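Below is one structure, written out as structure tokens; the observations come after it.
Below, all heavy atoms of this structure are taken into account, side chains as well, without hydrogens, waters or symmetry copies. Just so you know, these numbers come straight off a predicted model, no measurement behind them.
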Amino acid sequence: MGTFADRYFANDPAQLKLARTLYQGAAQLPLVCPHGHVDPHLFADTDYHFGNPVELMILPDHYVLRVLHSHGVDYADLGIPEIGKPAPQRDPRGVWQIFADHFYLYAATPTGIWIQNELTDVFGIAEPLNGRNAQAVYAAVQQALSGADFTPRKLYKRFNITVLSTTDGASDDLALHRQIKTSGWEGHILPTFRADTIVNIDAAAWTGEVEKLGAASHIQIGSYVQFIQAVESRRAWFVENGATATDLAVVEATTADVPAAEMERLFQKGLAHTINAEETNRFISGMLMELARMSSEDGLVMQLHVGSLRNHDRALFEKYGPDLGADFPITVEFTRALQPLLNRYGNHPNFHLILFTLDEATYSRELAPLASYYPAVKLGPPWWFHDNLNGMQRFFEQAVDSGGLFNTVGFNDDTRAFLSIPARHDVWRRAGANWLAGLTLRGVVEENTAEMMMKALSCGLALQAYKLEEYAPKEARLV
């Protein structure tokens, strides 16, 4: 029988022993964080300290908020401000008490696992959080947050992170990244070009984003051609500042060769706020082709997150805004949708496309087969609702059976919650060790092959796929 140190491993003695060996062989490898949403300001300020536990662990986390909402907790009771109104006076200890009273709701969920591991491994609090110990835990966390060693830069080293990429808007001046780079600090914080706000032409804020894009690129944007020139200019600025990847979230994966004249007409309709839903989808399909063309030229890895219908609860969105938990998976089709793009760029030696989905059924049916054929395509790890122990097991069984481990990109933590990063990587590595141990005992792979695969899924694949190998020690790389 295993101990807490053997958490998430199978109870079978032989599998447990081998899983433990595989995990221990990879546990000291550095963390590679090629895609996430941590604010670069944390690292630009040499003495940055986190706020209180509520600001750190509850309010920014849509995983936490959606579960509380599902059990009747009002967003107002959590101190979340309404759009256009002053922020309410928030009693952080009271909000923490609400969270602790409901913490049992997160049992066996990834959120529960991450937070409990965070409390145990980062803050040294072994006792499970509940309503009775809520205030004592709050005080202990707050005391730690105030400590001299609890700065993001020092935690970056403590967590053994070798490189971390942020998510940055297309018009961001990247001043914080330049500040970090010139500070003399040994950490590696890289920007990622996020294109959502300039691609989603039907968004109310789109014209304002186009204006910001023009200002940032010093191009007066009045036409589609000028728009594309501005996007290319901004991508070049990101490359100059260390970016290796772009990112875009779309509901559907449809791509199309849209004539330039049609894209111009759609662009003008966007500026005039007269574009309809069908035209919006057509514009986005054309932009996906354009962004792929740009990646084939400037070498930025293209990440595509597909299948989330965002802001499903309109009343919540109108009252409080986005990113509060009301986003849901939908069914997605990839094979026909991506055919125009892959026919043009799927075999291009300088094009690299990483695909993520919330529709697990596509792993073995479409995505892994696409990745196992087209040199440009790699499959991203379980995303969002599937970033959990069971989701990882399903991913290994479906994606690797159809496409092979080396047509995936390993793991990325995809989080705003900096302190949860070690827990997220630990869950992935333990899930991987347990899966590989099972394969080895069944004679599917030899033990030395399992060891090589364990290193790959821990960090080697991510380093290679995101072109980050220069930032990692030799022992972390695939070759």
Worked check of side chain to side chain contact (heavy atoms under 4.5 Å, CB included) between Val231 and Phe227: CA-CA 6 Å; Val231 175; Phe227 173 69; 4.2 Å; yes
Derivation of the ring-ring contact (aromatic ring centres under 6.0 Å, His included) call for His386 and Phe395: CA-CA 9 Å; His386 309 303; Phe395 178 83; over 10 Å; no
Steps toward ring-ring contact (aromatic ring centres under 6.0 Å, His included) verdict (Phe43, Phe418): CA-CA 11 Å; Phe43 306 99; Phe418 177 60; 5.4 Å; yes
CA sep, side-chain torsions, deciding dist, call: Leu291, Thr246, side chain to side chain contact (heavy atoms under 4.5 Å, CB included): CA-CA 9 Å; Leu291 293 171; Thr246 71; over 6 Å; no
Worked verdict on Arg424 versus Asp414 for side chain to side chain contact (heavy atoms under 4.5 Å, CB included): CA-CA 9 Å; Arg424 292 167 186 257; Asp414 193 12; 5.9 Å; no
Stepwise side chain to side chain contact (heavy atoms under 4.5 Å, CB included) test for Ser295 and Tyr345: CA-CA 10 Å; Ser295 281; Tyr345 300 110; over 6 Å; no
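Residues Ile228 and Met287 meet the side-chain proximity criterion, which asks for heavy atoms closer than 4.5 Å. Proximity of Phe385 to Glu360: side-chain heavy atoms (C-beta onward) are nowhere separated by under 4.5 Å. Counting heavy atoms from C-beta on, the side chains of Leu439 and Phe396 never come closer than 4.5 Å. For the pair Val73/Phe99, no side-chain contact is recorded, criterion being any heavy-atom separation below 4.5 Å from C-beta on. Side-chain contact between Met453 and Trp435 is present, with heavy atoms from C-beta onward closer than 4.5 Å. You'll find the side chain of Asp61 stays beyond 4.5 Å of the side chain of Trp114, heavy atoms only. Gln464 is not listed as a side-chain neighbour of Arg477, based on a closest heavy-atom distance of 4.5 Å or more. The closest side-chain heavy-atom distance from Leu29 to Lys455 is below 4.5 Å.
Proximity of a side-chain donor or acceptor of Asp172 to a complementary backbone N or O of Asp168 within less than 3.5 Å is not detected. His352 contributes no side-chain N or O that, together with a main-chain N or O of Gly299, makes up a donor-acceptor pair within less than 3.5 Å. With Ser233 contributing its side chain and Gln229 its backbone, the two residues share no donor-acceptor pair below 3.5 Å. Side-chain atoms of Arg430 do not come within 3.5 Å of backbone N or O of Tyr8 as any donor-acceptor pair. A distance-only check finds a donor-acceptor pair linking the side chain of Tyr63 to the backbone of Trp384 [under 3.5 Å]. Side chain of Thr166 to main chain of Asp39: no donor-acceptor pair is present (N/O by atom type, distance under 3.5 Å, no hydrogens or angles). Here the side chain of Trp428 pairs a donor or acceptor atom with the backbone of Leu457 at under 3.5 angstrom. At least one donor-acceptor pair under 3.5 Å links the side chain of Tyr156 to the backbone N or O of His188. Formation of a donor-acceptor pair under 3.5 Å by the Thr408 side chain with backbone atoms of Gly380 is not found in this model. Side-chain atoms of Thr111 do not come within 3.5 Å of backbone N or O of Val64 as any donor-acceptor pair.
Residues Pro60 and Glu55 share a closest heavy-atom pair of CG-O, 3.1 Å. For the residue pair Leu59 and Leu65, the shortest heavy atom distance occurs at O-CD1, 3.6 Å. Closest non-hydrogen pair, Val54 versus Pro92, comes out as CG2-O, 3.1 Å. Nearest heavy atom pair, residue Ala170 against residue Leu213, reads CB-CD1, 4.3 Å. Contact detail for Val332 and Thr362: the closest heavy-atom pair is O-CG2, 3.4 Å. Of all the heavy atoms in Leu341 and Thr255, the pair that sits closest is N-OG1, 3.4 Å.
Atom CG in Leu389 sits 4.5 Å away from atom CD1 in Ile113 (nearest 0.5 Å). Between Asn407 atom CG and Ser402 atom OG the span is 11.0 Å, to the nearest 0.5 Å. Between atom CH2 of residue Trp383 and atom CG of residue Leu358 there is a gap of 4.0 Å, rounded to the nearest 0.5 Å. We find the CE-CG distance between Met454 and Leu436 to be 7.0 Å, quoted to the nearest 0.5 Å. Note that the CZ atom of Arg66 and the CG atom of Leu316 stand 11.0 Å from one another [nearest 0.5 Å]. Summarising the geometry, atom CD belonging to Glu252 is positioned 9.0 Å from atom CD1 belonging to Ile284; distances are rounded to the nearest 0.5 Å.
Shown here is Glu82, whose CD atom has more than 12 heavy atoms of other residues, nucleotides or ligands within 6.0 Å. Other residues, nucleotides and ligands place more than 12 heavy atoms under 6.0 Å from the NE2 atom of His102. Counting non-hydrogen atoms of other residues, nucleotides and ligands closer than 6.0 Å to CZ of Arg365 gives a total above 12. The environment of NE2 in His312 is sparse: at most 12 heavy-atom neighbours from other residues, nucleotides or ligands sit within 6.0 Å. More than 12 heavy-atom neighbours from other residues, nucleotides or ligands sit within 6.0 angstrom of OH on Tyr48.
A salt bridge links Glu209 to Lys212: at least one charged side-chain nitrogen sits closer than 4.0 Å to a carboxylate oxygen.
Residues in residues 318-343 take part in these side chain to side chain donor-acceptor pair (under 3.5 Å) pairs, two or more places apart or across chains: Thr335-Glu366. Applying the salt bridge (Lys or Arg N to Asp or Glu O under 4.0 Å) test to pairs two or more places apart or on separate chains, those with a residue in residues 285-309 are Glu232-Arg293, Arg235-Asp298, Glu290-Arg293, Arg293-Glu297.
The aromatic rings of Trp206 and Phe283 stand perpendicular to each other, their planes meeting at an angle above 60°, with 30° marking the opposite boundary.
Of the N and O atoms on the side chains of Gln116 and Tyr106, not one donor lies less than 3.5 Å from an acceptor on the other residue.
With Lys269 as the fixed residue, the salt bridge (charged side-chain N to carboxylate O under 4.0 Å, His left out) test singles out one of Glu262, Glu279, Glu278: Glu279.
When the side chain to side chain donor-acceptor pair (under 3.5 Å) test is applied to Glu264, the partners found at least two apart in sequence or on another chain are Gln268.
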